[in-house]
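Here the structure comes first, spelled out in structure tokens, and everything after it is commentary.
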Number of protein chains: 2
Amino acid sequence: MAAERTASWVDGALQVLAASGHRSGGARRALLELLDSQRCALSALEIEDALRTSERRVARASIYRILDELERLGLVQKVEVGQAMARYEPLRTGAGHHHHLVCDSCGVIMPFTDRGLEEAITKLSRRVPIEVSEHEIVLHGACEECKD
Amino acid sequence: MAAERTASWVDGALQVLAASGHRSGGARRALLELLDSQRCALSALEIEDALRTSERRVARASIYRILDELERLGLVQKVEVGQAMARYEPLRTGAGHHHHLVCDSCGVIMPFTDRGLEEAITKLSRRVPIEVSEHEIVLHGACEECKD
DNA sequence: TTCGATGCAAAGAATTTGCACGCCA
DNA sequence: TGGCGTGCAAATTCTTTGCATCGAA
């Protein structure tokens, strides 16, 4: 829609955080950068793992707290793909919006986008009894590998 | 699509169970009947609660085991509406297929159906890298009550 | 110096597993 | 009668909370 500078999602997020009265903090910064570098949603534990190795180590509790705050501010989206574990990914304006394919056999998760689907959702949103702010679509099935 | 007798979902389910080599069992029966009588998805704990009161009491572990088996057999669908708790509902052929609206403020869940959405999904399913067997759509937002 | 940010460990909540007994086929 | 179905309780796994300390403004 609007032509926005892709001034790294991290910067934008930090700005929003500052604007809402948050101080800096190394843990949050590391977490934001990790999320930004990912291709698809990560779970809290995967984040802890990734950060333990490289970057800056961040306590598990902090990860949950930070993700919770980021979600509340609309900076990340929590996605539930049915593996008893929440996953999070950056919420970018316009570009980057996608949904998920899940292989119920091996658990792999892949992102996909579909214009028709988004249009259907937009139309639909106007006539449901709630004020829609977000939507989440998950297609379950068997991936090439597991299809046999 | 096909004109199917609505010979109660419970009966059909019991038949599938029998066909796949399962014995009868009172707990499963009670759980099936409860699910069949519901208007929307229930969580395992809600099921335990409902069964504790009336019907036949069923142990929590059994509820999880039974739901797991029913899901594997394609008799119920697990829906994740993002409240750190899985919900289950009967999977009926054709009629009854719906998706969910979730109020992120009060947590109420409402079912909805949309033809356009289903068509978009069907088309889309043909060109994604997995063999789609199920799909789940959740719209998040604020309900009339919480909209203020 | 002040108060939010973070780490650590214990607490909680949902779900799973182990094992013994009861009941259907 | 044999083995699945079920209950009970302990164990796991993911997430949250309590509290002390560290660090940014």
Side-chain angles (χ1 to χ4, degrees), chain A residues 10 13-35 41-52 55-73 75-76 78-88 104 107 109, chain B residues 10 13-34 41-52 55-73 75-76 78-88 107 109:
Chain A
V10 175
L14 287 171
Q15 215 166 312
V16 172
L17 283 162
S20 63
H22 285 279
R23 293 188 181 169
S24 175
R28 192 155 49 205
R29 171 106 206 185
L31 203 163
L32 286 173
E33 290 183 341
L34 173 65
L35 278 183
L42 291 180
S43 70
L45 299 214
E46 286 169 349
I47 290 172
E48 182 188 26
D49 234 59
L51 292 178
R52 173 161 38 227
E55 315 239 10
R56 175 186 185 293
R57 187 173 183 299
V58 176
R60 186 174 303 182
S62 299
I63 293 175
Y64 281 109
R65 272 186 299 237
I66 293 171
L67 287 174
D68 196 54
E69 182 60 17
L70 293 179
E71 191 196 1
R72 182 165 26 245
L73 291 174
L75 293 170
V76 303
K78 185 181 197 169
V79 318
E80 315 263 350
V81 293
Q83 284 158 165
M85 196 151 69
R87 287 168 174 279
Y88 298 82
D104 291 324
I109 300 177
Chain B
V10 174
L14 286 172
Q15 215 166 313
V16 172
L17 283 162
S20 63
H22 285 281
R23 294 186 182 171
S24 175
R28 192 154 52 202
R29 172 103 204 187
L31 203 163
L32 286 173
E33 289 182 342
L34 173 65
L42 291 180
S43 70
L45 271 354
E46 287 170 348
I47 290 172
E48 182 187 27
D49 234 59
L51 291 179
R52 172 160 39 227
E55 314 238 11
R56 177 185 185 292
R57 187 172 184 301
V58 177
R60 185 173 303 182
S62 298
I63 293 175
Y64 282 109
R65 272 185 298 235
I66 293 171
L67 286 174
D68 195 55
E69 182 60 18
L70 292 179
E71 192 196 1
R72 182 165 24 245
L73 291 174
L75 293 170
V76 304
K78 184 180 197 169
V79 318
E80 314 263 349
V81 293
Q83 282 158 163
M85 194 151 69
R87 287 168 175 279
Y88 298 82
I109 301 176

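Note that these values count all heavy atoms, side chains included, but never hydrogens, waters or copies made by symmetry.
- Rounded to whole angstrom, the span from the CZ atom of B/Arg23 across to the P atom of D/dC4 amounts to 7 Å.
- By the salt bridge (charged side-chain N to carboxylate O under 4.0 Å, His left out) test, B/Glu80 is found to be paired with no residue, residues two or more places apart in sequence or in another chain being considered.
- Between C/dT16 and B/Tyr64, no contact under 4.0 Å exists linking OP1 or OP2 to a side-chain N or O.
- A/Gly26 comes within contact range of the sugar-phosphate backbone alone, with a heavy-atom separation under 4.0 Å but no base atom that close.
- In this structure, A/Arg60 and B/Asp68 both approach DNA chain C, and ranking their closest nucleotides by distance from the 5' end singles out A/Arg60.
- Following rounding to the nearest Å, A/Glu80 (CD) and D/dC14 (P) show an atom-to-atom distance of 14 Å.
- Atom CD of A/Glu48 is separated from atom C1' of C/dA9 by 13 Å (rounded to the nearest Å).
- B/Ala61 comes within 4.0 angstrom of a base, heavy atoms only.
- For the pair A/Arg57 and C/dC8, the criterion of a side-chain N or O lying under 4.0 Å from OP1 or OP2 is met.
- For A/Ala59, the listed nucleotide lying nearest its side chain is C/dG7; candidates were D/dT15, C/dC23, C/dG7.
- Rounded to an integer number of Å, the gap from B/Leu45 CG to C/dG12 P is 17 Å.
- A/Glu46 places a side-chain N or O within donor-acceptor distance of the main-chain N or O of A/Ser43, the cut-off being under 3.5 Å.
- For a distance-only test at 3.5 Å, the side chain of B/Arg65 qualifies as a donor-acceptor partner of the base of D/dG7.
- One can place CD1 of A/Ile63 at 13 Å from C1' of D/dC14, the figure rounded to the nearest angstrom.
- Rounding to whole angstrom units, CD of residue A/Glu46 and C1' of D/dC14 are separated by 13 Å.
- No side-chain heavy atom of A/Asp49 sits less than 4.5 Å from a side-chain heavy atom of A/Ile47.
- Spacing between atom CE of A/Met85 and atom P of D/dT13 amounts to 12 Å, rounded to whole angstrom units.
- Remark: B/Ser62 is not in phosphate contact with D/dG5, judged by side-chain N or O atoms under 4.0 Å from OP1 or OP2.
- Between the side chain of A/Arg28 and the backbone N or O of A/Arg23, at least one donor-acceptor pair lies under 3.5 Å.
- Across the protein-nucleic acid pair, A/Ile66 atom CD1 and D/dT15 atom C1' stand 15 Å apart, rounded to whole Å.
- The shortest side-chain heavy-atom distance between A/Leu67 and A/Leu35 falls under the 4.5 Å cut-off.
- Note on the helix from C/dT1-D/dA25 to C/dA25-D/dT1: terminal axis deviation equals 30°, with five pairs used at each end and the result rounded to 10°.
- Between A/Leu32 and A/Val76 there is no side-chain heavy-atom pair separated by less than 4.5 Å.
- Note on B/Arg28: a side-chain N or O is less than 4.0 Å away from OP1 or OP2 of D/dG5.
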Stepwise, does the side chain to side chain contact (heavy atoms under 4.5 Å, CB included) test hold for B/Val58 with B/Glu48?
-> CA-CA 7 Å; B/Val58 177; B/Glu48 182 187 27; over 6 Å; no
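- Each of B/Gly25 and B/Tyr88 was matched to the nucleotide of DNA chain C holding its nearest heavy atom; the match closer to the 5' end belongs to B/Tyr88.
- No side-chain heavy atom of A/Leu51 sits under 4.5 Å from any side-chain heavy atom of A/Arg57.
- Residue B/Arg56 places at least one side-chain N or O closer than 4.0 Å to OP1 or OP2 of D/dG7.
- B/His22 has no side-chain polar atom (N or O) that falls below the 4.0 Å cut-off from OP1 or OP2 of D/dC4.
- Distances shorter than 4.0 Å separate none of the side-chain N or O atoms of B/Ser24 from OP1 or OP2 on C/dC24.
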